[in-house]
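For the single chain, residues carry numbers from 1 onward in sequence order. The structure presented is a predicted model; accordingly, all values stated were derived computationally and were not measured. Note that ligands are numbered from 1 as they come in the structure, with each ligand's atoms numbered from 1 the same way.
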Amino acid sequence: MTSARLRKTDLVVDLKALKHNVEMQRRALAPGSRILAVVKANAYGNGMVPVANALSKVGVEGFCVALLDEALELRDAGIQETALVLGITPVEYAPLAANQGISLTVGTVEWLRAYQRLAKEEGLKYPLKVHLALDTGMGRIGFTNNVDFKAALALMEEPCFDFEGIFTHFATADEQDASYYQKQLTRLKDFLTVVKKWPPYVHMANSATGMWHQEDIIANTVRMGISMYGANPSGTAQKVSLNLKPVTSLVTHATYVKRLAVGESVSYGATYTAKADEWVATLPVGYADGYPRRMQGFHVLVDGHECEVLGRVCMDQMMIRLPHEYPVGVEAVLIGRSKDKEITVTDVAEYANTINYEILTGMSARLHRQYKG
Ligand SMILES: *Cc1c(COP(=O)(O)O)cnc(C)c1O
């Protein structure tokens with residue numbers, strides 16, 4: 001898809017804030033802890049390669065992605081750090097990972113055996129870096145019992161494997177009630193009793209765990225995702241305990257300004273009708289850019305004023321009420337700061353009845369990314 005450069009609309013990514021957030025997390029962790037920066041889904045919409053390049057400079061240990069394709073994109077961009085694929089990769093593609101030194105997540109003995117056969121048949125040269133996933137209660141991927149886990153640990157001695165990591169993932173680390181979290185932690189400790197020698201990476205913490213459960217991190221590495229992008233993993237449920245700075249802003253400029261007369265309506269379905277004469281601006285952003293359709297009644301910022309979104313957001317355009325006349329080209333902030341006002345990605349998410357993760361990752365390829373700092 002085209003990244004649109006000619007409509008004066010930018011997804012502005014503050015790389016200084018990104019690095020600051022990593023530093024804040026690092027300071028909160030035990031000395032010697034390592035950070036794997038999660039850059040899946042185009043670095044939560046912020047642009048994977050530029051974000052990864054910026055993070056390389058602040059000494060993150062490596063990167064986590066969801067898919068092998070994403071890891072290959074990092075390698076193609078010359079990024080040589082650890083690159084861990086968090087999802088399950090079809091075994092027939094695993095040789096691509098081995099050749100590029102990409103680490104894969106494995107959650108069954110069958111997968112390991114299938115790879116062993118493949119490595120023998122094809123005479124693969126390089127060992128495959130493996131992280132064994134433990135399902136302690138997420139119910140998604142990973143070993144579910146110690147018997148299979150032990151069998152996997154035994155296979156890690158085979159020359160076709162380079163045993164690099166063990167990890168688990170928490171389902172409720174962002175919640176006030178820690179009882180389910182504690183159950184998962186107990187299960188993890190039980191799994192780890194059968195591990196004779198730890199691999200280089202043992203990781204259990206996502207952003208929420210790194211933020212609210214630092215005291216019981218028994219691992220040596222944190223997988224930092226949403227908090228790195230300056231957003232609260234819990235939405236608004238819990239207070240952020242790190243001094244995070246927002247990374248992502250969405251800024252556009254009005255393409256049309258008019259006087260709307262009382263009784264006139266705006267946008268599809270004519271769901272908004274002016275109660276008085278008012279100034280209305282049209283913005284060249286819509287739901288195809290990832291700004292949700294259901295934002296009618298929310299607001300954007302123009303010159304420090306909160307301007308209501310009038311009528312339904314269209315695919316590529318939307319209308320807002322101005323407090324008074326402004327010229328075409330006036331700046332409108334959909335996410336970010338304008339004078340003393342701010343709209344966070346979480347504000348947008350709450351209004352749209354979703355989570356900040358979904359808003360960030362939904363920022364479409366059509367939005368031009370502008371990097372600051
Ligand atoms: C996406 C993901 C993360 C990052 O989660 P955040 O809540 O954004 O920190 C960490 N670990 C796994 C396994 C993931 O899938």
* To do: Check each protein residue for a heavy atom under 4.0 Å from ligand 1 and list those that pass, ordered by chain and number.
  => Val38, Lys40, Tyr44, Leu86, Arg140, His169, Asn206, Ser207, Arg223, Gly225, Ile226, Tyr357
* More than 12 non-hydrogen atoms from neighbouring residues, nucleotides or ligands closer than 6.0 Å to NZ on Lys258, yes or no? -> yes
* **is_close_aromatic(His131, His203), centroid dist under 6.0 Å** => yes
Give the table of side-chain donor-acceptor pairs shorter than 3.5 Å for residues 191-202, with sequence neighbours excluded, one pair per line with atom names and distance.
{"unit_1": "Thr193", "atom_1": "OG1", "unit_2": "Asp190", "atom_2": "O", "d": "2.5"}
{"unit_1": "Tyr201", "atom_1": "OH", "unit_2": "Thr82", "atom_2": "OG1", "d": "3.0"}

* **Member of Leu55, Thr248, Val58 meeting the side-chain contact (heavy atoms from CB on, under 4.5 Å) criterion with Leu18** => Leu55
Under 3.5 Å, side-chain donor or acceptor atoms of residues 138-147 against the rest of the protein: list the pairs with distances, not counting sequence neighbours.
{"unit_1": "Asn145", "atom_1": "OD1", "unit_2": "Val147", "atom_2": "N", "d": "3.1"}
{"unit_1": "Asn145", "atom_1": "OD1", "unit_2": "Asp148", "atom_2": "N", "d": "2.8"}
{"unit_1": "Asn145", "atom_1": "ND2", "unit_2": "Asp148", "atom_2": "OD2", "d": "3.2"}

* To do: List for me each residue that meets salt bridge (charged side-chain N to carboxylate O under 4.0 Å, His left out) alongside Glu331, sequence neighbours excluded, and say none if there are none.
  => none
